[in-house]
Amino acid sequence: MNTERPIGIFDSGIGGLTVVKAIQAALPHEQIIYFGDTARVPYGPKSQVTIRKYAYDDVAILMRHQPKMIIVACNTVSALALDVVEKASGAIPVIGVLKAGAELAVKATKNNHIGVIGTQATVSSNAYACAIHQLNPEIEVVSKACPLFVPLAEEGFIDHPATKLIAREYLTDINKHGIDTLVLGCTHYPILRRVIEETIGHGIRIIDSAEAVALRTHQLLTESGELNHHRRTTAPHLLVSDLPQKFSVIYQLFMNSELPDVELVEV
Ligand code: DGL
């Protein structure tokens, strides 16, 4: 049995830590290995060809650690390169954040008007609208790319006036469409959730796919008999492709943890 093997999670940077948090809460006995491609963040403004190449490299790094499952904690990769991840991970199950987010949003909306914010690549791919329409073709989807949210989150500008200003600029338009649900279609955005929520208005349901991904992970590992039942409290094994000290400090702030060790790997 593979119960002791880690769950591999990756993103372009710190965004995927929102998923790590949810996995730790739902599956506290699991060992996690996280890769943040900090040398090449952001992915969102890049071309599909580049994003697919990065996705392949990210999986290759995690595969060296023999994970029992891969979680794509990046909407951009989930939208444009999930097939690349599935191919590169062979027989290992893969979960992407995008499908989970779409499912949650469809369940949450009451007036069938959903807003999606994400990176330029995710929004241009139309992947959220497709996933939502597969579940319910009646739903109206309005999308908006919010590229500056990624560097703001990476800088830790969680409650900064600049973040509030940019949130107003991005979200004012989307608010005119009568949406009752807003999908945070980039894993960096939950880091800025408070400002996003205040700007869009508290009556709108915010969807963060991290919890849905954690539930799905639990379900898949239970079905395959690969849940780790041995109690352990080891911190995630953290890998980055650049600036491990910077990542370590942000990790400590965001995860409320001790300053962790972060390993530098080459991509
Ligand atoms: N956090 C990622 C996402 O969910 C990528 C953000 C970026 O690198 O542009 O899309």
Side-chain angles (χ1 to χ4, degrees), residues 8-23 34-59 61-62 70-82 84-85 94-102 104-105 115-131 143-158 163 166 170 182-193 196 206-214 238 240-243 246-247 250-251 254-255 267:
I9 304 178
F10 75 92
D11 180 40
S12 59
I14 62 162
L17 294 180
T18 56
V19 175
V20 170
K21 240 187 186 172
I23 297 285
Y34 182 82
F35 174 60
D37 191 6
T38 50
R40 306 190 294 194
V41 65
Y43 283 10
K46 311 253 163 51
S47 69
Q48 181 169 16
V49 173
T50 301
I51 292 162
R52 289 173 73 80
K53 182 190 168 318
Y54 289 178
Y56 180 85
D57 297 342
D58 299 341
V59 178
I61 285 166
L62 288 177
I70 300 241
I71 299 178
V72 184
C74 176
N75 286 271
T76 309
V77 171
S78 296
L80 292 127
L82 197 65
V84 172
V85 177
V94 172
I95 300 180
V97 275
L98 193 144
K99 197 165 164 244
L104 263 187
V116 177
I117 53 173
T119 66
Q120 190 59 60
T122 300
V123 168
S124 304
S125 77
N126 219 24
Y128 261 104
C130 290
S143 309
K144 173 85 182 165
C146 304
L148 292 172
F149 280 165
V150 173
L152 288 167
E154 289 280 332
E155 282 305 313
F157 276 23
I158 291 170
T163 309
I166 286 164
Y170 283 150
L182 179 71
V183 181
L184 304 183
C186 169
T187 51
H188 279 73
Y189 298 178
I191 297 171
L192 310 177
R193 183 176 177 142
I196 293 172
I206 303 280
I207 302 294
D208 169 1
S209 50
E211 259 175 48
V213 166
L238 303 171
V240 293
S241 49
D242 203 3
L243 297 172
K246 184 178 174 196
F247 190 86
I250 294 176
Y251 183 94
F254 181 63
M255 303 293 278
V267 281

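Values in this document were obtained by computation on a predicted structure and should not be read as measured data. Atoms within each ligand, like the ligands themselves, are counted from 1 in listed order. Here, residue 1 is the first one in the sequence, and each next residue gets the next number.
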Does the salt bridge (charged side-chain N to carboxylate O under 4.0 Å, His left out) test come out yes or no for Lys246 and Glu155, once each step is laid out?
-> CA-CA 10 Å; Lys246 184 178 174 196; Glu155 282 305 313; 3.3 Å; yes
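Ile14 is not listed as a side-chain neighbour of Phe254, based on a closest heavy-atom distance of 4.5 Å or more. The closest side-chain heavy-atom distance from Cys186 to Phe149 is not below 4.5 Å.
Listed by chain and residue number, nothing satisfies the salt bridge (Lys or Arg N to Asp or Glu O under 4.0 Å) test with Asp242 (two or more places apart in sequence, or in another chain).
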Give every pair made of an N or O atom of ligand 1 and a protein N or O atom lying under 3.5 Å apart, one pair per line with both atom names and the distance to 0.1 Å, or write 'none'.
from     : atom 1 : to     : atom 2 : distance (Å)
ligand 1 : 1 (N)  : Asp11  : OD1    : 3.0
ligand 1 : 1 (N)  : Asp11  : OD2    : 3.3
ligand 1 : 1 (N)  : Thr187 : OG1    : 2.9
ligand 1 : 1 (N)  : His188 : ND1    : 2.7
ligand 1 : 4 (O)  : Asn75  : N      : 2.8
ligand 1 : 4 (O)  : Asn75  : ND2    : 3.2
ligand 1 : 4 (O)  : Thr187 : N      : 2.8
ligand 1 : 4 (O)  : Thr187 : OG1    : 3.2
ligand 1 : 8 (O)  : Ser12  : OG     : 2.6
ligand 1 : 8 (O)  : Tyr43  : N      : 2.7
ligand 1 : 9 (O)  : Tyr43  : N      : 3.2
ligand 1 : 9 (O)  : Gly44  : N      : 2.8
ligand 1 : 10 (O) : Asn75  : N      : 3.4
ligand 1 : 10 (O) : Thr76  : N      : 3.1
ligand 1 : 10 (O) : Thr76  : OG1    : 2.6

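A tilted orientation is assigned to the rings of Tyr54 and Tyr43, their planes being inclined by 30° to 60°.
Closest approach of Lys46 and Ala121 over heavy atoms only: O-CB, 4.2 Å.
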